[in-house]
Asks: 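Submitted below is the structure of interest, expressed as structure tokens.
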Amino acid sequence: MNYEDVLKVPDPVERAVLADKLMWADHPRRLELRTVRGIALRQALDSGLEAEAIAARLVVTVADLAWMAAPASPAAA
């Protein structure tokens, strides 16, 4: 799986999970993957999915999920 493959995944939670896995695999596009993950998580939350269910898929806490879904600050880019 590569960056472009992740972008093609239609399910936002699955896209976030895959982006997260690639980030931890020391992928050269980690910053872009972080952005993809955040956008996907916001899409999932905005669609009405429960934060607890999304967090469980990512094996993180709801507080971690909130941080991961927050838009990146301009200083981080």
Asks: Look up atom CE in M23 and atom CG in L31, then write down how far apart they are to the nearest 0.5 Å.
Replies: 8.5 Å
Asks: Got a second to check how far I54's CD1 is from L49's CG, nearest 0.5 Å?
Replies: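 That separation rounds to 5.0 Å.
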Asks: Same cluster for L18 and V13 if Ile/Leu/Val/Met/Phe/Trp/Tyr side chains link at under 4.5 Å?
Replies: no
Asks: Identify the two heavy atoms, one from L65 and one from A55, that lie closest to each other, and give their separation to 0.1 Å.
Replies: CD2-N, 4.1 Å
Asks: Distance check, rounded to the nearest 0.5 Å: L58 atom CG versus L41 atom CG?
Replies: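 L58 CG to L41 CG: 6.0 Å, rounded to 0.5 Å.
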Asks: Is R15 reaching over with its side chain to a backbone N or O of V9, donor-acceptor style, under 3.5 angstrom?
Replies: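 Yes: the side chain of R15 pairs with the backbone of V9.
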Asks: Side chains of D64 and T61, heavy atoms from C-beta outward: is any pair under 4.5 Å?
Replies: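 Yes, close enough: below the 4.5 Å cut-off.
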Asks: Considering all heavy atoms of both residues, which atom of L22 and which atom of Y3 are nearest to each other, and what is their separation?
Replies: CD1-N, 4.1 Å
Asks: Can we say R57 and E52 salt-bridge, meaning some charged N sits less than 4.0 Å from an Asp/Glu carboxylate O?
Replies: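 Judged by the 4.0 Å cut-off on N to carboxylate O distance, R57 and E52 do not form a salt bridge.
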Asks: Once rounded to the nearest 0.5 Å, what's the spacing between atom CZ of R37 and atom NZ of K21?
Replies: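 Atom-to-atom, R37:CZ and K21:NZ are 13.5 Å apart.
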Asks: Return the CZ to CG distance between R30 and L33, rounded to the nearest 0.5 Å.
Replies: 9.0 Å
Asks: Give, for atom CE of M1 and atom NE2 of H27, the distance between the pair rounded to the nearest 0.5 Å.
Replies: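 Separation between the atoms: 10.5 Å.
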Asks: Using a 6.0 Å cut-off, check whether atom CD of E50 has over 12 heavy atoms from anything other than its own residue.
Replies: no
Asks: What are the two closest non-hydrogen atoms of D5 and N2, and how far apart are they?
Replies: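 Closest pair (atom of D5, atom of N2, distance): N-OD1, 2.9 Å.
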